[in-house]
Amino acid sequence: MESGSRRKIFAANWKMNLSAAKAEQFIQEMLSLDLPSDIQVLVFPPALYLQRLSELTANSQIEIGAQNIYWERSGAYTGEISAPMIDEAGAKFVICGHSERRHIFGESSEMVTRKAGAAQDEGIVPLICIGETLEERNAGETLEVLQSDTLSSLAAVDPDPELIIAYEPVWAIGTGLTATPEDAEKSISYIREQVRSIWGDLADKIRILYGGSVNADNIAELIACPNVDGALIGGASLNPDSFMEIIRNGTK
Ligand code: 13P
């Protein structure tokens, strides 16, 4: 499959930001704009806003996802949300194993793959994040980490019907340091080769995004890389103008 046939994704990960009113205003503003029809636009708000934003975006090109999930369907797991709950809120996607979950909250790849598998069982598309830390990069261990995290994070996941992967080097998240297009392409094509080692040519169908200090100035050169199928954007996705500018510059 040609890289051009993988529909590009522009995904906003709001993390623990925005009030309910601001979130709704953001979505209303996006809905009033013309988005390029050949892209997919995903917004990952805090869980409390999932239901409202899913209602607002029904029948639009904007799709809503959760930032986290727990693999059990229900039970005594204080503070967690399950796949059926996310589904009932109308969300269709969920981020699994964001580096903040891995490094601040201690999630392992074994936990990440259980989360992603539970999402798929409910018909929710997991967006699985993978990326090396600065220490690992400086020690020359990037490819080793990407290999082992990719393989272990995908262990309980099916290539069909769908999953998305994001390469987010930890040192590039929220730091203003972006991977060069060459580095992003090298890491993402390496991740795709790991996927190929388990699922063969289905690897060419799976979208792999880049994340880490993406902005309106660097999106064009990143998304021009043949293996980069879109972007997962944090800080620059918190206001509709800068998110739209990224979309515009990334689709010229
Ligand atoms: P920034 O775009 O703020 O670096 O965050 C990236 C990220 O973590 C998206 O999931």
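Note that the coordinates shown come from a computational prediction; the quantities given were computed from them, not determined experimentally.
- A salt bridge is defined here as a Lys NZ or Arg NE, NH1 or NH2 lying under 4.0 Å from an Asp or Glu carboxylate O, and Arg196 with Glu193 meets this definition.
- Remark: the Ser153 side chain and the Arg102 side chain contain an N/O donor-acceptor pair separated by less than 3.5 Å.
- A salt bridge links Arg192 with Asp229: the distance from a Lys NZ or Arg NE/NH1/NH2 to an Asp or Glu carboxylate oxygen falls below 4.0 Å.
- One N or O on the side chain of Ser189 and one on the backbone of Lys186 form a donor-acceptor pair closer than 3.5 Å.
- In this structure, the side chain of Tyr210 engages the main chain of Ala179 through a donor-acceptor pair within 3.5 Å.
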(request) List the steps and the verdict of side chain to side chain donor-acceptor pair (under 3.5 Å) for Gln51 and Ser54. (result) CA-CA 5 Å; Gln51 176 129 14; Ser54 298; over 6 Å; no
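- The backbone N or O of Glu141 lies less than 3.5 Å from no partner atom in the side chain of Glu144, so there is not a single donor-acceptor pair.
- Side-chain contact check for Gln120 and Asp158: no donor-acceptor pair (N or O, by modelled atom type) lies under 3.5 Å.
- Tested against Val214, the residues Ile223, Leu209, Ile219 include a single side chain to side chain contact (heavy atoms under 4.5 Å, CB included) partner, Ile219.
- Looking only at side-chain heavy atoms (C-beta outward), Ile164 and Ile128 stay at 4.5 Å or farther from each other.
- At least one side-chain heavy atom of Ile69 sits less than 4.5 Å from a side-chain heavy atom of Cys96.
- Taking the charged nitrogens against the carboxylate oxygens, Lys205 and Asp160 do have a contact shorter than 4.0 Å, which makes a salt bridge.
- Residues Glu136 and Val170 are not in side-chain contact: their nearest non-hydrogen atoms beyond the backbone lie 4.5 Å or more apart.
- Side chains of Gln67 and Trp14: no donor on one and acceptor on the other come within 3.5 Å.
- A heavy-atom distance below 4.5 Å is not found between the side chains of Lys8 and Ile247.
- With hydrophobic clusters built from ILVMFWY side chains whose heavy atoms lie under 4.5 angstrom apart, Val43 shares a cluster with Phe10.
- In this structure, Arg6 contributes its side chain and Gly230 its backbone to no donor-acceptor pair below 3.5 Å.
- In terms of hydrophobic clustering, with Ile, Leu, Val, Met, Phe, Trp and Tyr side chains grouped at heavy-atom distances under 4.5 Å, Phe26 and Met244 are assigned to a common cluster.
- Of all the heavy atoms in Ile64 and Thr57, the pair that sits closest is CG1-OG1, 3.4 Å.
- Using a 4.5 Å cut-off on side-chain heavy atoms (C-beta onward), Arg248 and Leu35 make no contact.
- At least one donor-acceptor pair under 3.5 Å links the side chain of Tyr49 to the backbone N or O of Leu18.
- Contact annotation: the side chain of Ile130 never approaches that of Glu168 to less than 4.5 Å [non-hydrogen atoms, C-beta and beyond].
- Residues Leu222 and Ile39 are members of one and the same hydrophobic cluster, defined by side-chain heavy-atom contacts under 4.5 angstrom among Ile, Leu, Val, Met, Phe, Trp and Tyr.
- Using modelled atom types, one finds no donor on one side chain facing an acceptor on the other under 3.5 Å when comparing Tyr167 with Glu185.
- Other residues, nucleotides and ligands contribute only 12 or fewer heavy atoms inside 6.0 Å of the CD atom of Glu88.
- Formation of a donor-acceptor pair under 3.5 Å by the Glu55 side chain with backbone atoms of Gly90 is not found in this model.
- Between the side chains of Ser32 and Glu29, no donor N or O sits under 3.5 Å from an acceptor N or O.
- The pair Glu107-Lys115 meets the salt-bridge criterion, with a side-chain N (NZ, NE, NH1 or NH2) lying under 4.0 Å from an Asp/Glu carboxylate O.
- Looking at every heavy atom in both residues, Lys15 comes nearest to Pro46 through O-CG, 3.5 Å.
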(request) Before giving the answer on side chain to side chain contact (heavy atoms under 4.5 Å, CB included), spell out for Glu100 and Ile173 the whole-Å C-alpha distance, their side-chain angles and the decisive distance to 0.1 Å. (result) CA-CA 9 Å; Glu100 286 144 22; Ile173 295 178; 3.6 Å; yes
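- Considering only heavy atoms from C-beta on, Ile95 stays 4.5 Å or farther from Pro126 through its side chain.
- A salt bridge links Arg137 and Asp183; the closest N-O separation between the charged side-chain nitrogens and carboxylate oxygens is under 4.0 Å.
- Of the possible polar contacts, one joining the Thr113 side chain to the Ala156 backbone as a donor-acceptor pair under 3.5 Å is found.
- When all heavy atoms of Ser213 and Asn218 are compared, the pair lying nearest together is O-ND2, 2.9 Å.
- Among all heavy-atom pairs drawn from Ile86 and Ala66, the shortest one is CD1-CB, 3.8 Å.
- Cluster annotation: Leu232 is not connected to Ile246 through the hydrophobic network of ILVMFWY side chains, with a link wherever side-chain heavy atoms come within less than 4.5 Å.
- Tyr70 and Ser82 are not linked by any side-chain donor-acceptor pair at a separation below 3.5 angstrom, with hydrogens and angles left out of the test.
- Although no hydrogens or angles enter the test, the distance criterion places no donor-acceptor pair under 3.5 Å between the side chain of Asn68 and the main chain of Val94.
- Across Asp87 and Ile124, no two heavy atoms sit closer than the pair N-CD1, 3.9 Å.
- Judged by distance alone, the side chain of Arg207 and the main-chain N or O of Arg7 form a donor-acceptor pair under 3.5 Å.
- Asn138 contributes no side-chain N or O that, together with a main-chain N or O of Glu135, makes up a donor-acceptor pair within less than 3.5 Å.
- By the rule that hydrophobic residues join a cluster once side-chain heavy atoms approach within less than 4.5 Å of another member, Leu56 and Leu33 end up as members of one cluster.
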